[in-house]
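One structure below.
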Amino acid sequence: MAFGRSPRMDNRRPSSQCSTATLVVFVALCLVGVWMMTSSTVVPVDMSSSGSKQRVSQTDSKQFEDSSGDIPDGAMKKDANIDEDKSPNEPDSEPTQDQNVPEKTTEKRTQESTEDDSDNASNGRTYNDENGKGEGGEIAKKGEDTNSEGGDMNTAGQEDGQDKSKEQNSAENTANEQEDNKDRNPDETANDDQNKNPEQNSVESNDNEQQQDDNNTDSNIDETASDKQTNNFEQNADETKSNEQQQSDRDKINVQEEEPDGDKVQDGKDQGQLEQKVGQNQDKDAKQNSRDIKSGNQTKDQPPGEVFPDATQSELLNETNTQNGAWSTQAVESRNEKEVQAASSKGQNVAYSWKLCNVTAAFDYIPCLDNEEAIKKLRSTKHFQHRERHCPDEAPTCLVPLPEGYKQQIAWPNSRDKIWYHNVPHTTLADFKGHQNWVKVTGEYLTFPGGGTQFKNGAIRYIDFIKESVPDVAWGKKSRVVLDVGCGVASFGGYLFERDVLTMSFAPKDEHEAQVQFALERGIPAISAVMGTKRLPFPSRVFDVVHCARCRVPWHTEGGMLLLEINRLLRPGGYFVWSATPVYQKIQDDVEIWNAMSWLTKSMCWEMVNKTGRDIVNQVGLAVYRKPTNNECYEKRTENNPPFCQESDDPDAAWNVPLQACMHKLPVSPAVRGSQWPEEWPQRLEKAPYWLNSSEVGVYGKPAPEDFAVDYEHWRRVVSKSYLNGMGINWTTVRNVMDMRSVYGGFAAALRDKKVWVMNVVSIDSPDTLPVIYERGFFGMYHDWCESFSTYPRTYDLLHADHLFSRLKKRCKLLPVIVEVDRILRPEGKLLVRDNAEIINEVESIAKSLHWEIRMTYSKNNEGLLCVQKTMWRPKEVASSTTPIS
């Protein structure tokens, strides 16, 4: 259709010619009006959103060009802005239609604003033209023109509104003209139109380069607004010709899609399906699909003051690039999404009916330590077998109740001095040990004056007394990792934090009611364990100092078997600090014990560094021994007693291994662990241990020292970019942390500057890297997660599971493992899971059934990240057994 010059541009012509031109314009306007009413391609103009969307396209395009596979910072936030006004209840559009048909009706465009991945593609996807030009930059330029000419666009909109009635009268003529256009070749139609109007030629030339995006109508709007010389009639004509031109552009797009290695660039999600679920409660989850809460809805559920990660902050390890560089193919994305949905629906079909555990221990239940049936069958308890682990044949799936009146724990460091009474409602220890300043009942609190059996007047003075007696102990520099045997309420370890020392405290679950639970509630590391008939779950030669203050361990009996276990754990050159009455009292029994200990330690080649008199403050004495650093003394012994262990005996084997009254020889080679003392703290944290050999392959397939460095850098990046600021975690409330599947301790090292401690757990079926963790100044233990952990309920603030659950499923059921997580995690505590998408969905499903809050989920290339928060919810019904769920 050809238009004459606009009347306002031709004021020099006679009035008759003006009348003719007016008539022509009027007829044209009527034709365009009818065509707009009948055409399926005209979309209402939204000037405010058009420019916004196109500016985002330009920014994202630049960001993604420099990307190496990660989603750039801020990409999610921009997507959230685009989708902000879209309704989550609108039906999903079909992906095949989105890819092949760029023109949509108004209703179809509404469907494109749903939360399906296809609608994100229409906003963020960019195609490359035949010359290699991306369209993002040109769209942004047109957006700038749109902004600069907002006044003209508004004027045109007013004129369109005034002529609305005139446009409706020309419906019949426009319909006829449309049918003629349908019969013509789209390219020929476009060429005819270009010949009729040279100005439109240049406009549509630019349009042809850009119309490989699904949102063509918005491009037409920007294109029309950028031409200052056209009025509202010419805008309508431009739209008509652009719509006719779209058919040829559609053919070009189809050709590109058929090429397997084409330059088609995927959407800004960069290979991932991103789901962020922030601060949701169970009621909200019931009303919406658990996997359809995209980043656009993030701010709706976000608690105030919390910052959640964008895609690049999630820092998933297992990232892969396809043959198309940093962008995945639609086939890969679709296949992964279908697998995720299948796994999700599979998990959603499971119905969980939770019940409270029906056990004597009630809210203090530790399954492997409170197995009454197994304990009753023991033939003897002489060596404290009843305090050892006896796990049930079938792991419990019931939930441990909360004590009545339970409150969120007091934050560190105030928790060192007081805790809520109702969180650990036990007073027996206060009655029994109150005079020694272990613990006291003070109103609604249990308070801890910092005393102990050997340091009634405070642990700080006692710690300084040890250093004065043995200056070489050098707290916080040479001596970093300490084992406290028979720890009581762990005040010794609690105050060693002030000296930059990390203490592993342990004691049995015995008549000293809940002593380990008191320690953990205070924020002090501790486990429930006993020196009985089995080795402790630690590797050999790892502790810098071992401490016993009236720990009630009969070191001298059974051929010195228990002291020989300490010898296994103590680093060559390390110290054994013994503070007990045989050291400074002359009672007959004490004298006999001292004589037996003197003979035993001499036979073990331990050097007595110092034996002190009574301390002025606490009125106790010390005996400090040092383990040898080589085998010279061993070779000079006239009697092989205690004997050496067999050469086949592995000193690092510690999981359910019976104790033996024997010694292991010390390493000879300077390249073997234990032959040298580690670097001083904190240098030992970052430096790879000297005994990691480059000829050995590490866990991740690189030479061991490089493996160590890569792991450390990875977790520093993850923690700094994601965990510290991106999960909505208030780290001031986090104290007790567990890495459920630690490798080199990189996660713990990355948290070094936080006021937390990390229990590094190395699974028994994983590479034995626990000695590396100790070497760099941290601690941990071996464990089999198919069994319960040796800790009280509600003792950890944060649990971290990196690809643990997928490995466990090969050996045991996942449900009891999550139940164990629920047992040891405090209410309001967080669980961070990194695993494959199937596991993420299964854990998420179980967590929802437990009424946990889903804080955030993220999936990419079948790898996922999940952050959930435990709540105070507990079921009402009590189970008839400990395994009510099959």
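Heavy-atom basis, side chains included; hydrogens, waters and symmetry copies ignored. Everything numeric in this text was worked out from a predicted model, so none of it was measured.
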Of all heavy-atom pairs between Ser722 and Met727, which one has the smallest distance, and what is that distance?
OG-CE, 3.2 Å
SB check Asp765 Arg811 (cutoff 4.0 Å):
yes
Testing Trp412, Phe778, Tyr796 one by one against Trp757 for a ring-ring contact (aromatic ring centres under 6.0 Å, His included), which residue passes?
Tyr796
Rounded distance [0.5 Å steps], CG in Leu866 versus CG in Asn841:
9.0 Å
Using a 4.5 Å cut-off on heavy atoms from C-beta on, say whether the side chain of Ile840 contacts that of Tyr858.
no
Examine distances only and state if a side-chain atom of Asn371 and a backbone atom of His390 form a donor-acceptor pair shorter than 3.5 Å.
yes
Are the side chains of Val761 and Met759 in contact, using a 4.5 Å heavy-atom criterion?
yes
Shortest non-hydrogen contact between Ser528 and Leu369, atoms and distance
CB-CD1, 3.6 Å
Kindly compute the distance separating OG (Ser806) from CD (Glu838), expressed to the nearest 0.5 Å.
9.5 Å
Are Val424 and Ile419 close enough, and set up right, to give a side-chain contact (heavy atoms from CB on, under 4.5 Å), and what steps lead you there?
CA-CA 8 Å; Val424 190; Ile419 63 175; 4.1 Å; yes
For Arg826, is there an ion pair with Asp797 - N to carboxylate O distance below 4.0 angstrom?
yes
Write down the atom of His422, the atom of Glu404, and the distance for their closest heavy-atom approach.
ND1-O, 3.5 Å
Measure the acute angle between the ring planes of Trp873 and His851, then classify it against the limits of 30° and 60° as parallel, tilted or perpendicular.
parallel
Beyond-backbone contact of Phe363 with Leu402, side-chain heavy atoms, under 4.5 angstrom:
no
With distance as the sole test, does Asn836 use its side chain to make a donor-acceptor pair with the main-chain N or O of Ile839 at under 3.5 Å?
yes
Validation row: Asp822, Trp852 side chains within 4.5 angstrom (heavy atoms):
yes
Between Ser766 and Val762 (side chain of the first, backbone of the second, donor and acceptor by atom type, cut-off under 3.5 Å), is there such a pair?
no
Salt bridge check, Glu853 against Lys870: does any charged N sit closer than 4.0 Å to a carboxylate O?
no
Any salt bridge between Lys848 and Glu844, counting N to O under 4.0 Å?
yes
Using atom types as modelled and distance alone, determine if a side-chain donor or acceptor of Asn423 lies under 3.5 Å from a backbone N or O of Lys407.
yes
Taking the six-membered ring for Trp, are Phe789 and Trp785 parallel (under 30°), tilted (30 to 60°) or perpendicular (over 60°)?
parallel
Taking all non-hydrogen atoms of both residues, which atom of Leu804 and which atom of Ser763 are closest, and how far apart?
CD1-OG, 3.7 Å
Could you walk me through whether His783 and Ile764 satisfy the side-chain contact (heavy atoms from CB on, under 4.5 Å) test, starting with their C-alpha distance in whole Å, then the side-chain angles of each, then the deciding distance to 0.1 Å, before giving a yes or no?
CA-CA 6 Å; His783 183 61; Ile764 61 171; 5.8 Å; no
What verdict does the side-chain contact (heavy atoms from CB on, under 4.5 Å) test give for His714 and Val718, after you've listed the backbone C-alpha separation in whole Å, the side-chain angles of each residue and the deciding distance to 0.1 Å?
CA-CA 6 Å; His714 167 72; Val718 170; 3.5 Å; yes
How long is the gap from CG on Leu865 to CG on Asp802, to the nearest 0.5 Å?
10.0 Å
To the nearest 0.5 Å, tell me how far Phe747 CZ sits from Asp711 CG.
12.0 Å
Rounded to the nearest 0.5 Å, what separation is found between the CZ atom of Arg807 and the CG atom of Asp835?
8.5 Å
Using only heavy-atom distances, determine whether the side chains of Asp739 and His800 contain a donor-acceptor pair under 3.5 Å.
yes
Smallest heavy-atom separation, Val699 atom then Asp707 atom, equals N-OD2, 2.6 Å
Under 3.5 Å donor-acceptor, Trp715 side chain and Leu751 backbone
no
Side chain of Ser742, backbone of Asn760: donor and acceptor closer than 3.5 Å?
no
Charged N-O contact under 4.0 Å between Glu863 and Lys860:
no
Would the distance check show the side chain of Arg735 and the main-chain N or O of Gly523 forming a donor-acceptor pair, the cut-off being under 3.5 Å?
yes
Sequence neighbours left out, what pairs pass salt bridge (Lys or Arg N to Asp or Glu O under 4.0 Å) with at least one residue falling in residues 358-374?
Asp364-Arg794, Asp370-Lys509, Glu373-Lys377
On a heavy-atom basis, which atom in Cys786 and which in Ala395 lie closest, and how many Å separate them?
O-CB, 4.3 Å
Flag the pair Tyr406 / Pro827 as yes when at least one side-chain heavy-atom distance between them is below 4.5 Å, and no otherwise.
yes
For Arg823 and Thr791, indicate whether the former's side chain and the latter's backbone hold a donor-acceptor pair under 3.5 Å.
yes
Is it the case that the ring center of Phe518 lies less than 6.0 angstrom away from the ring center of Trp420?
no
How long is the span from the OG atom in Ser415 to the CZ atom in Arg522, to the nearest 0.5 Å?
8.0 Å
So, Thr769 side chain and Val743 main chain: donor-acceptor pair closer than 3.5 Å or not?
yes
Keeping Asn736 on the side-chain end and Thr795 on the backbone end, is there a donor-acceptor pair under 3.5 Å?
yes
Residue pair Glu828 / Gln869, side-chain donor-acceptor N/O under 3.5 Å
yes
